[in-house]
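When a ligand or atom number is given, it counts from 1 through the structure's own listing order.
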Amino acid sequence: MQNEAKKNLLTINNLKVYFNTLEGVVRALEGVSLRMKHGKTMGLVGESGCGKSVTAHTIMKLLPPKLCKIMDGEILFQRRESGEVIDLTKIDRQSQLYRSIRGHEIAMIFQEPMTSLSPLYTVGNQIMEAILLHRQVTPKEARELAIEVLRAVAQPEK
Ligand SMILES: Nc1ncnc2c1ncn2[C@@H]1O[C@H](COP(=O)(O)OP(=O)(O)OP(=O)(O)O)[C@@H](O)[C@H]1O
Ligand SMILES: [Mg+2]
């Protein structure tokens, strides 16, 4: 699987994720497989409740570990600089390794801006925060980079 995964940015094989609830086990993902190519945009479409958000949260390692378990499968992610392929299901979400990936090589924009973005800070500030966390740059340089990405998606920088 690793050799094939070297051709993709992300390779998910037979991913199974279950939730423990008071009413019993919810089999949220029952064998999800997908491939994401480098430099391509991919859309995941499906009816409400089919597992799109759980798939994204599993990749981001944001699901509550007490309630939710990865039962099977692998999430093979190719690192940007080294080209090394790692299985995200096998690494700890609090590890230094994953911290260097999340917010830098993999990020998520949440569905609800009112709850996922802080109204106390501008979007530019929140982008700067991620840049300062991961790159050796000054606040001024981070600000310029943030403005650059806002321009790239045609958002006003003020
Ligand atoms: N915390 C949870 N506890 C129990 N079951 C959950 C939990 N979160 C999600 N599920 C279940 O997992 C399944 C997949 O849900 P998910 O939120 O991924 O759907 P979705 O495709 O993102 O839907 P939508 O289009 O409505 O956003 C659903 O059956 C849902 O009820
Ligand atoms: Mg969803």
Heavy-atom donor-acceptor pair, Lys61 side chain to Ile91 backbone, under 3.5 Å: yes

Are the side chain of Tyr98 and the backbone N or O of Met60 linked by a donor-acceptor pair below 3.5 Å? yes

Evaluating non-hydrogen atoms only, which member of Glu30, Lys52, Glu23 is closest to atom 21 (O) of ligand 1? Lys52

With atom 22 (O) of ligand 1 as the reference point, say which of Cys68, Ser53, Ala56 has the nearest heavy atom. Ser53

Report yes or no: does Gly49 have a heavy atom closer than 4.0 Å to ligand 1? yes

Counting from 1 in the order shown, the ligand 1 atoms closer than 4.0 Å to a non-hydrogen atom of Thr21 are 4 (C)

Gln78 side chain to Val85 backbone, donor-acceptor under 3.5 Å: no

Does any N or O in the side chain of Asn8 come within less than 3.5 Å of the main-chain N or O of Lys37, such that one atom is a donor and the other an acceptor? no

Between the side chain of Ser82 and the main-chain N/O of Arg79, is any donor-acceptor distance below 3.5 Å? no

Quick check: does Ser48 put an N/O/S atom under 2.8 Å from the Mg ion (ligand 2)? no

Ligand 1 atoms nearer than 4.0 angstrom to some heavy atom of Ala28 are 12 (O), 13 (C)

shortest atom 26 (O) of ligand 1-to-protein heavy-atom contact is with Ser48 OG, 2.6 Å

Can you report which non-hydrogen protein atom sits closest to atom 27 (O) of ligand 1, along with the distance? Gln111 NE2, 3.8 Å

Does Lys52 reach the main-chain N or O of Glu47 with its side chain, forming a donor-acceptor pair under 3.5 Å? yes

Classify the ring geometry of Phe110 against His57: parallel below 30°, tilted from 30° to 60°, perpendicular beyond 60°. tilted

If you have a sec, work out which protein heavy atom is nearest atom 18 (O) of ligand 1 and how many Å separate them, to one decimal? Val54 N, 2.9 Å

Among protein heavy atoms, which sits nearest to atom 8 (N) of ligand 1, and what does the distance come to when rounded to 0.1 Å? Phe19 CZ, 3.5 Å

Look only at the side chain of Thr11 and the backbone of Arg35, and say whether a donor-acceptor pair between them is shorter than 3.5 Å. no

Does His134 use its side chain to pair, donor to acceptor, with the backbone of Arg102 at less than 3.5 Å? yes

Any protein heavy atom nearer than 4.0 Å to atom 6 (C) of ligand 1: yes

Closest protein heavy atom (residue, atom, distance) for atom 11 (C) of ligand 1: Val26 CG1, 4.0 Å

Measure from atom 31 (O) of ligand 1 to the protein's non-hydrogen atoms and state whether any distance is below 4.0 Å. no

Taking both backbone and side-chain atoms of Gly51, is any N or O found less than 3.5 Å from an N or O belonging to ligand 1? yes

Ligand-residue contact atoms, ligand 1 with Cys50, heavy atoms, under 4.0 Å: 19 (O), 21 (O)

